[in-house]
Peer 1: 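Dropping a structure here in structure tokens format, bear with me for questions.
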Number of protein chains: 2
Amino acid sequence: MIKVAVDAMGGDNAPEEIVAGAVMAANTRKDIKILLVGQEERVSAELKKHTYNTDQIEIVNATEVIETEEPPVNAIRKKKDSSIVVGMNMVRRDEADAFVSAGSSGAILVGGQVIVGRIKGVERPPLAPLIPTEKGVSLLIDCGANVDARPSHLVQFAKMGSIYMENVVGIRNPRVAIVNIGAEEEKGNALVKETYPLLRECGDINFTGSIEAREIPHGEADVIVAEAFTGNVILKLYEGVGATLIAKVKAGMMTSLRSKIGALLVKPALKETLKSFDASQYGGAPLLGLNGLVVKTHGNSKRTEVCNSIIQCVTFKEQRINEKMKESLFPKEKEQEER
Amino acid sequence: MIKVAVDAMGGDNAPEEIVAGAVMAANTRKDIKILLVGQEERVSAELKKHTYNTDQIEIVNATEVIETEEPPVNAIRKKKDSSIVVGMNMVRRDEADAFVSAGSSGAILVGGQVIVGRIKGVERPPLAPLIPTEKGVSLLIDCGANVDARPSHLVQFAKMGSIYMENVVGIRNPRVAIVNIGAEEEKGNALVKETYPLLRECGDINFTGSIEAREIPHGEADVIVAEAFTGNVILKLYEGVGATLIAKVKAGMMTSLRSKIGALLVKPALKETLKSFDASQYGGAPLLGLNGLVVKTHGNSKRTEVCNSIIQCVTFKEQRINEKMKESLFPKEKEQEER
């Protein structure tokens, strides 16, 4: 039985969609136990609307709620009875294998580090969302809040990301590339120039070199390594350009009677194709390198995305991702243990 | 009479489209003199296909061509008789006011610095393309090759960009913002945190604070200040996501008979709307802060973009942009001169 704590109070659609997503996950997989963390009365009222195996879902009371706009460090320190702090403490104490939240990104990043804690030797836990491409999805690692990374951090990101893509998403021998402003090794800023040869020397990843931002949507790499500032810009611009273009396409279809009729005919097929350009079916963004798993789902997540994020935690645990990461990151220590 | 040297050999469609664009510009504005730099026989053969005022277009022979894949520093040093080196030397010697090229970005950036030369006191010449937004265009400054910028560079970019947008593109009191991973002043990497207060203190620009990448396509700022690595990622991802989404939309319309019929009806209106999401009508990307003007147009530029880039040089000269930049960047020196 894999235990997943779920933040019932986080995100725009809490608790309704979160609870519905938890029920959906419990009804999909019989080997999950879900701990819904949040204000008991409200969560209970939502839960009563659904049919599920009562052995699989339990409510854990947490009276406080961390709001998106609260300064994260302060919120984690002061709101000891918030759903995020309570849920993360369960992971820390091994009462849960993973924690899923659609709440404040900042609080999740801070809480992951200070409550759940890093795997010994992991310098920084990266936030690694999946982004849609023409061919499927790529893992963009890191999009967190730890900017100004060092080369050694990026090497750890590459290894962790590679293991995640291979074992959770199921891409064999994933291609790992570093975001750069040209394809040649001598191109780039100081960080990229220092990191490039280190990645080339990693025997256990399939490093394919630099990737220019233009090639990312074409799916030219499976694991896209970037410093968090760059990763964050890529992630948000992806969303922004996508939203603007879709709005332009819709507006274009409404400009004449002829195009309006065309729009009616085109709509169903178009909707289906654009759905393939949506990464949420794969779940949320994992915060990797922690003693346990923390998954951040979109603030506007609906039940399906919440359900997928919970099931993603099961795969993570089943595939022993953290153990595999430790083996990849610290092979010498393992050898020493074996002697 | 404003003199514009044009690289007749640069870009995917040279010399045909370049020559056609030069003729188009000469036929649009009677106050331009165009110096077509390139292999005389080939340029002359193209020019013969057109009707134009022969006083306005002249061929300047340059026997060599710099290819896109050549290492730029080497190419500029060795190919003394290339169209880029010859054209830039004309600007340096004041035989031309500006130089327009669709050729190698690297060679144009290097040549701009070492041949044309920087305005005294300008630390780095930024490459500043216009990118399309929902509301029009924004200037993205810097997208060049000078990565790892310092705060003082970014302050100069903000001032130069502001003057360009106000006087060349015609945006009154342009909103200047710095690319960041959050809206608050305390967010960001070391460079942004150091630059932010310096920009806030600039009296002569309309600094509106941070801009997240998600807001760029919405047109939330007119001048978008970024270090070149970040700027380059934004520019290329913009193109990449745009191309992928348009391809998805087209593919979606071809999936069924119903949608194919719809596509035929929708197509003209859609084409028109998407055309508004194309910045090439405003010309190419200026390389600012030089003793003269250098404009880089897309490698795949057709005649209209070449023509617009040439006319952009006229506005630049007429509006005395370089003089205005000097006044904004070095106000004290000006005061001293006046005493």
Side-chain angles (χ1 to χ4, degrees), chain A residues 106 133-134 145 147-148 179-182 187-190 192 212-218 226-230 232-249 251-256 258-274 276-277, chain B residues 106 133-134 145 147-148 179-182 187-190 192 212-218 226-230 232-249 251-256 258-274 276-277:
Chain A
T133 72
E134 279 172 22
V147 291
D148 297 318
V179 176
N180 205 350
I181 59 169
K187 285 264 178 104
N189 56 15
V192 171
E212 283 197 85
R214 188 191 285 119
E215 304 305 322
I216 296 174
H218 299 157
E227 186 271 337
F229 191 91
T230 305
N232 204 295
V233 164
I234 291 171
L235 182 68
K236 290 180 178 164
L237 193 62
Y238 231 89
E239 293 174 12
V241 174
T244 294
L245 266 176
I246 298 299
K248 282 264 170 198
V249 167
M253 289 178 176
M254 290 299 125
T255 47
S256 68
R258 177 185 157 146
S259 67
K260 278 180 193 169
I261 296 166
L264 284 174
L265 296 170
V266 151
K267 210 177 160 189
L270 201 54
K271 208 172 167 183
E272 202 51 44
T273 316
L274 289 176
S276 75
F277 205 68
Chain B
T133 72
E134 279 172 21
V147 292
D148 298 317
V179 176
N180 205 351
I181 59 171
K187 285 263 179 104
N189 56 14
V192 171
E212 284 198 84
R214 189 190 285 118
E215 303 304 323
I216 295 175
H218 299 156
E227 187 270 337
F229 191 91
T230 305
N232 205 295
V233 165
I234 292 171
L235 182 68
K236 290 181 178 165
L237 193 63
Y238 230 88
E239 293 174 11
V241 174
T244 294
L245 265 175
I246 298 299
K248 281 264 171 201
V249 167
M253 288 179 177
M254 290 298 125
T255 47
S256 67
R258 177 185 157 146
S259 67
K260 278 181 193 169
I261 296 166
L264 283 174
L265 297 169
V266 152
K267 209 177 160 189
L270 201 55
K271 208 172 166 184
E272 202 52 45
T273 317
L274 289 176
S276 75
F277 205 67

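As a basis for the values below, the full set of heavy atoms in this structure was taken, side chains included, without hydrogen atoms, waters or symmetry mates. Residue numbers begin at 1 in each chain, while the letters A, B, ... track the order of the sequences.
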Peer 1: Is E212(A) close to chain B through its backbone or its side chain, or both, or neither, when contacts mean heavy atoms under 4.5 Å?
Peer 2: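 Just its side chain gets close to chain B.
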Peer 1: Identify which part of V266(A) has an atom lying under 4.5 Å from any heavy atom of chain B, answering side chain, backbone, both or neither.
Peer 2: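 Its backbone and side chain both get close to chain B.
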Peer 1: Are any of the side-chain heavy atoms of V241(B) and L237(A) separated by less than 4.5 Å?
Peer 2: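 A side-chain contact is absent here, since even the closest heavy-atom pair is not under 4.5 Å.
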Peer 1: Please report the interatomic distance CD1(I234(A)) to NZ(K236(B)), rounded to the nearest 0.5 Å.
Peer 2: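 Result: 12.0 Å between the selected atoms.
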Peer 1: May I ask you to check whether over 12 heavy atoms, not counting those of K267(B), lie within 6.0 Å of atom NZ?
Peer 2: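 For K267(B), atom NZ is not crowded (no more than 12 foreign heavy atoms under 6.0 Å).
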Peer 1: Heavy-atom pairs under 4.5 Å with chain B: which of V249(A), L264(A), L235(A), T255(A) has the most?
Peer 2: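 Maximum pair count with chain B is reached by V249(A).
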Peer 1: Based on non-hydrogen pairs under 4.5 Å, which of G242(B), G188(B), G182(B), A213(B) is most in contact with chain A?
Peer 2: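 Heavy-atom pair counts peak at A213(B).
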Peer 1: Given a strict heavy-atom distance threshold of 4.5 Å, which part of V192(B) is in contact with chain A: side chain, backbone, both, or neither?
Peer 2: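 Just its side chain gets close to chain A.
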Peer 1: Report the option among T133(B), V233(B), I216(B) that has the most heavy-atom pairs separated by less than 4.5 Å from atoms of chain A.
Peer 2: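 Winner by heavy-atom pair count: V233(B).
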Peer 1: Measuring heavy-atom distances to chain B, does I246(A) have an atom under 4.5 Å in its side chain, in its backbone, in both, or in neither?
Peer 2: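 Just its side chain gets close to chain B.
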Peer 1: Relative to chain B, which of A263(A), A251(A), S256(A), P268(A) shows the most heavy atom pairs under 4.5 Å?
Peer 2: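 The candidate making the most pairs under 4.5 Å is P268(A).
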Peer 1: Heavy atoms only: give me the nearest D148(A)-A190(B) pair and the separation to one decimal.
Peer 2: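 Result for this residue pair: OD2-N, 2.8 Å.
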Peer 1: Work out which heavy atom in V179(B) is nearest to a heavy atom in F229(A); give both atom names and the distance.
Peer 2: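 Looking at all heavy atoms of both residues, the closest pair is O-CZ, 3.4 Å.
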Peer 1: Among S259(A), G106(A), A228(A), single out the residue with the greatest number of heavy-atom pairs under 4.5 Å to chain B.
Peer 2: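 It is S259(A).
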Peer 1: For K248(A), check side-chain hydrogen bond (donor to acceptor under 3.5 Å, both in side chains) against everything at least two apart and list the hits.
Peer 2: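 Residues passing side-chain hydrogen bond (donor to acceptor under 3.5 Å, both in side chains) with K248(A): S276(B).
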Peer 1: About how many Å separate NE2 of H218(A) and OG1 of T244(B), when rounded to the nearest 0.5 Å?
Peer 2: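 Output value for this atom pair is 4.0 Å.
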Peer 1: Using the side-chain contact (heavy atoms from CB on, under 4.5 Å) rule, pick out the option among I181(B), N189(B), N180(B) that qualifies with N232(A).
Peer 2: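 Of the listed residues I181(B), N189(B), N180(B), the side-chain contact (heavy atoms from CB on, under 4.5 Å) partner of N232(A) is I181(B).
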Peer 1: What pairs with I261(A) under side chain to side chain contact (heavy atoms under 4.5 Å, CB included), at least two apart in sequence or on another chain?
Peer 2: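 Side chain to side chain contact (heavy atoms under 4.5 Å, CB included) check on I261(A) returns L257(A), L265(B).
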